[in-house]
Amino acid sequence: MKNNFKFLKELMKLRLSHIMTFRLGFFGPFFIDTSYFLVQLFAFEAIYGHVDKIRGWGHGEILVFVGTFSLINALNMIIYFFGVISIPEKIQTGELDLYLTKPVNPLLRITFEKINPGSIPLLAFSACIIAYGVKEIDMGFSWANIIKYLFLVFMMTILYYDMELLIRCFAFFCFLCKQFNEN
């Protein structure tokens, strides 16, 4: 376990130094993700801004829901999306075989090798939306509620990761079926 943390630390250092080599590659995602978030916010306001309740949900509940979705999506984009999305290509090119021969867990390496700090502003924006929604609901901030909420966000992020991994691993099954039929 300790070696995995050391490996992840070095992997993140390498990724950040690689991203910093090309400044547009580092600052471009900040601009793009911020623009994307603002478009989402304006679309949300246009759709839900003039409605008091939707199926019993008030404006504050909808804000918490949208902010939570945005938060989970931002965690996805920062931590594992770009690593997991490359699995079918690695299978097709045979690069996955190289990962299997390394002394590190291949899934750990694939998952964290392409972290993307460009979506970090989305975390802050999502937290602001959630805080504003909680304020509108008049729900009290207690440590128990915050811990429960963070636990649920963590579990949902893991579920999101698992679903993305299952979808990408389907390519492995298709590749094996194709190889079997050709032989």
Side-chain angles (χ1 to χ4, degrees), residues 1 4-5 8-9 11-13 15-16 19-20 23-87 107-108 110-170:
M1 188 74 164
N4 285 341
F5 285 122
L8 287 176
K9 183 180 172 186
L11 195 61
M12 287 180 201
K13 275 186 192 177
R15 177 68 179 158
L16 291 175
I19 291 173
M20 291 292 282
R23 296 198 196 281
L24 184 60
F26 183 75
F27 291 110
F30 286 112
F31 174 72
I32 291 169
D33 285 341
T34 303
S35 302
Y36 173 70
F37 184 79
L38 290 174
V39 167
Q40 274 184 324
L41 200 58
F42 291 138
F44 170 77
E45 187 59 33
I47 295 170
Y48 299 108
H50 304 290
V51 178
D52 291 333
K53 290 203 178 269
I54 298 175
R55 299 273 296 165
W57 283 33
H59 195 254
E61 285 96 354
I62 294 171
L63 280 172
V64 170
F65 175 75
V66 169
T68 301
F69 172 77
S70 181
L71 178 71
I72 292 169
N73 188 42
L75 288 170
N76 165 38
M77 297 300 281
I78 292 169
I79 300 171
Y80 56 82
F81 177 75
F82 294 103
V84 170
I85 200 168
S86 67
I87 290 175
L107 185 58
L108 181 75
I110 289 172
T111 299
F112 294 106
E113 76 179 346
K114 293 188 179 178
I115 61 167
N116 177 23
S119 296
I120 289 175
L122 289 179
L123 288 176
F125 294 144
S126 300
C128 291
I129 287 179
I130 293 166
Y132 182 68
V134 168
K135 183 182 173 201
E136 270 198 26
I137 299 171
D138 288 330
M139 182 178 171
F141 283 104
S142 71
W143 286 109
N145 286 343
I146 293 171
I147 290 171
K148 288 177 196 175
Y149 176 77
L150 290 177
F151 176 74
L152 291 174
V153 166
F154 175 73
M155 295 304 291
M156 195 62 212
T157 304
I158 290 173
L159 179 63
Y160 198 156
Y161 169 73
D162 289 341
M163 293 304 296
E164 283 196 5
L165 197 60
L166 284 172
I167 290 169
R168 295 325 182 278
C169 288
F170 186 69

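In this structure, Tyr132 places its OH atom where only 12 or fewer heavy-atom neighbours from other residues, nucleotides or ligands lie under 6.0 Å away.
The OH atom of Tyr80 sits 5.5 Å away from atom OG1 of Thr157, with the distance rounded to the nearest 0.5 Å. Taken from CD1 in Ile130 to NZ in Lys135, the straight-line distance is 16.0 Å, to the nearest 0.5 Å. One finds the CD1 atom of Ile110 at 13.5 Å from the CD1 atom of Ile85 (value rounded to the nearest 0.5 Å). Note: Thr111 OG1 to Glu164 CD = 10.5 Å, rounded to the nearest 0.5 Å. Here CD1 of Ile120 is found 12.5 Å from CZ of Phe125. Values are rounded to the nearest 0.5 Å. To the nearest 0.5 Å, the span separating CE on Met163 from CD1 on Ile158 amounts to 14.5 Å.
For the pair Asn76 and Tyr161, the minimum side-chain heavy-atom distance is 4.5 Å or more. Taking 4.5 Å as the limit, some side-chain heavy atom of Tyr160 sits within range of a side-chain heavy atom of Asn73. A heavy-atom distance below 4.5 Å is not found between the side chains of Leu63 and Ile137. Counting heavy atoms from C-beta outward, Leu122 and Met77 have side chains that stay 4.5 Å or more apart.
By the ring pair (Phe, Tyr, Trp, His ring centres under 6.0 Å) test, Phe65 pairs with Trp57, sequence neighbours left out.
The main-chain N or O of Val66 is never found under 3.5 Å from a side-chain atom of Ser70 such that the two would form a donor-acceptor pair.
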Side chains of residues 144-151: which donor-acceptor partners sit under 3.5 Å, not counting sequence neighbours?
from   : atom 1 : to     : atom 2 : distance (Å)
Asn145 : ND2    : Ser142 : OG     : 3.3
Tyr149 : OH     : Thr68  : OG1    : 2.5

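Nearest heavy-atom pair across Leu71 and Val153 is CD2-CG1, 3.8 Å. Across all non-hydrogen atoms, the minimal contact from Gly83 to Ser86 is O-OG, 2.7 Å.
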